[in-house]
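Along the sequence shown, the residues carry numbers beginning at 1. Keep in mind the model is a prediction, meaning the values are calculated, not measured.
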Amino acid sequence: MSIQIQNVWKQYGTFQALQQINLEIPKGELVALLGPSGSGKTTLLRIIAGLEQADQGAILFDGEDLTDIHVKNRQVGFVFQHYALFKHMNVFENVAFGLKVRKKKLRPSAAEIEEKVLELLRLVKMDGFAARYPAQLSGGQRQRIALARALAVEPKILLLDEPFGALDAKVRKELRRWLRKLHDEFQITSVFVTHDQEEALDVADRIVVMNEGRIEQMGTPEEVYDNPASPFVYDFLGNVNLFHGRVRKGKLNLGSIELEAPEHVHISDADAVAYVRPHQLSITRTKQGIDAIPAKVIYTHAVGPVVYIELKRDDADEYLEAEVSKEQFEQLKIRTGEVVYAHLKEVKVFIPEDFVI
């Protein structure tokens, strides 16, 4: 089932939670709503579910306007961050709950409910835990049960609000890989909220980056990471080095060096900020070319096969971070306190929004 969100606005008192949200989610797609706290992602998810009402705009499923339709009639499964399992019910009863409370004419038989629940417990690898209670389960196990309960009613759309936010890093990684596999098997349209960039990049077919109630950018994980549409997206999706300078007719001046900025050839003179990710900085021990930036090594630390190098520019009061492989680091043989040279392999230049040509 596809989802169309048309010109949705939402305000709480004086706080504008959502502004002019337009989004189309094709059938079977797994979409991440990504952004910092207060960006509007959970509000949007709840409006899709019918748990909140938009002040303006429309929500359509497969072209049918469901804006004023109650949540119980939207055929939506919702998974909360903190599981929301019934403490007084065991695992089997929790998963069966949505089926048992259906109207009599729509309710499956007891045998059909048992078969369905046991099938779902096998699917989420919890078939040996039917008689246990939520308090007897780990966080990861409880989240699997919450997902099985949402799937039990055979929803057309699955909505997940920070589904792995309360779990530790290792369990979170295992569960998101499992969610991706589960989604591919079910081919159910899914939308999940997260503030974890790695989670969104790892799991989603498409990412919707939100900020201050607006959509900053939509695209595949590769599109939003490699071609950020704004400084916010660039800064939010991973670490980044900032270089403050000026753009003059397609040239970016950064203190002692000058770089090409062909996308700004029409600008005669303006402040600019260059964005460079740590892995887009190459490090050499000797100066190689006029665009080399001298910098002192402040600190190095290795995490698995990657070495992170913190640097302080010699020609400006700015700090940099570079990422190199452990093999490259061993070849460089650099030490803390030494001056090395940073080369910018890829640069994205932004002009402040208030600049007028």
Side-chain angles (χ1 to χ4, degrees), residues 1-6 8 18 21-36 39-50 59-64 66 74-81 120 123-124 143-144 146-148 150-151 154-165 167 169 171-211 214-230 232-234 236-238 277:
M1 183 174 282
S2 64
I3 304 171
Q4 295 84 40
I5 301 164
Q6 299 177 347
V8 164
L18 295 174
I21 301 296
N22 289 284
L23 175 63
E24 185 159 343
I25 301 172
K27 180 181 178 180
E29 192 170 64
L30 177 55
V31 170
L33 302 180
L34 175 66
S39 60
K41 53 192 188 296
T42 293
T43 299
L44 179 57
L45 193 77
R46 291 176 65 85
I47 287 174
I48 295 171
I59 303 294
L60 292 80
F61 290 176
D62 272 352
E64 181 184 356
L66 300 183
R74 292 198 183 193
Q75 292 184 287
V76 164
F78 204 105
V79 179
F80 298 89
Q81 178 179 355
L120 283 166
L123 182 70
V124 300
Q143 194 58 286
R144 287 174 188 251
L147 188 52
L151 293 171
E154 298 181 353
K156 301 295 185 184
I157 291 170
L158 182 63
L159 306 176
L160 307 100
D161 187 10
E162 298 274 9
F164 311 132
L167 306 174
V171 174
R172 203 160 58 230
K173 192 162 188 174
E174 289 174 357
L175 278 185
R176 71 186 188 220
R177 189 182 300 118
W178 170 77
L179 174 64
R180 177 76 252 181
K181 183 173 180 291
L182 194 70
H183 174 269
D184 290 343
E185 290 177 3
F186 267 74
Q187 282 299 297
I188 182 172
T189 306
S190 307
V191 184
F192 74 99
V193 160
T194 183
H195 64 270
D196 186 323
Q197 302 93 324
E198 184 182 344
E199 188 168 282
L201 292 166
D202 189 28
V203 176
D205 295 319
R206 197 155 50 110
I207 295 174
V208 178
V209 184
M210 299 186 66
N211 181 37
R214 295 180 180 273
I215 293 176
E216 289 272 346
Q217 186 175 356
M218 296 179 282
T220 65
E222 293 78 14
E223 287 169 348
V224 296
Y225 188 84
D226 294 335
N227 299 293
S230 69
F232 172 82
V233 177
Y234 218 123
F236 191 72
L237 288 176
R277 297 206 184 278

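- With Lys41 contributing its side chain and Asp161 its backbone, the two residues share no donor-acceptor pair below 3.5 Å.
- A distance of 10.5 Å separates NE2 in His195 from OG1 in Thr42, rounded to the nearest 0.5 Å.
- Remark: Arg176 engages Glu198 in a salt bridge, criterion side-chain N to carboxylate O under 4.0 Å.
- At a threshold of 4.5 Å between non-hydrogen side-chain atoms, the residues Arg277 and Leu237 count as touching.
- Counting heavy atoms from C-beta on, the side chains of Ile47 and Leu18 come closer than 4.5 Å.
- Here the CG atom belonging to Asn22 is positioned 7.0 Å from the CD1 atom belonging to Ile215, to the nearest 0.5 angstrom.
- Enclosure of atom CD in Glu64 is not indicated, since only 12 or fewer non-hydrogen atoms of other residues, nucleotides or ligands lie within 6.0 angstrom.
- Of all heavy-atom pairs spanning Val203 and Arg180, the tightest one is O-NH1, 2.6 Å.
- Glu162 has its side chain within reach of Thr194: a pair of non-hydrogen atoms, C-beta onward, lies under 4.5 Å apart.
- Closest heavy-atom contact between Val233 and Val224: CG1-O, 3.9 Å.
- Put simply, the side chain of Ile48 does not reach to within 4.5 Å of the side chain of Phe78, judged on heavy atoms.
- Ring geometry, Phe236 versus Phe232: the interplanar angle falls under 30°, so the pair is classed parallel (tilted spans 30 to 60°).
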Leu44 and Val208: side-chain contact (heavy atoms from CB on, under 4.5 Å), yes or no, with the steps? CA-CA 11 Å; Leu44 179 57; Val208 178; 5.8 Å; no
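- Inter-residue side-chain proximity for Lys156 and Asp62 is flagged as unmet; no heavy-atom pair is nearer than 4.5 Å.
- Remark: Leu123 CG to Arg144 CZ distance equals 10.0 Å, nearest 0.5 Å.
- Judged by distance alone, with hydrogens and angles left aside, the side-chain atoms of Thr189 form a donor-acceptor pair with the main-chain N or O of Gly28 at under 3.5 Å.
- Residues Gly77 and Pro155 share a closest heavy-atom pair of N-CB, 3.3 Å.
- In this structure, the side chains of Leu147 and Leu179 come closer than 4.5 Å at one or more pairs of heavy atoms.
- Atom CG of residue Asp184 and atom CD of residue Gln187 lie 6.5 Å apart, to the nearest 0.5 angstrom.
- Atom-to-atom distance recorded for Asn227:CG and Gln217:CD is 7.5 Å, nearest 0.5 angstrom.
- In plain terms, the two heavy atoms of Glu199 and Phe192 that are nearest each other are OE2-CE1, 4.0 Å.
- Within the model, atoms CD1 of Ile207 and OH of Tyr225 stand 11.5 Å from one another, a figure rounded to the nearest 0.5 Å.
- Listed here is the closest heavy atom pair of Ile59 and Val8: CD1-CG2, 4.0 Å.
- In this structure, the side chains of Val79 and Gln143 come closer than 4.5 Å at one or more pairs of heavy atoms.
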Step-by-step side-chain contact (heavy atoms from CB on, under 4.5 Å) determination, Gln75 to Phe61: CA-CA 10 Å; Gln75 292 184 287; Phe61 290 176; over 6 Å; no
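- Contact check for His183 versus Asp205: side-chain heavy atoms found under the 4.5 Å cut-off.
- Shown are Glu29, Glu222, Glu223; of these, the salt bridge (charged side-chain N to carboxylate O under 4.0 Å, His left out) with Arg206 is made only by Glu29.
- Of all heavy-atom pairs spanning Leu159 and Val76, the tightest one is CD1-CG1, 3.4 Å.
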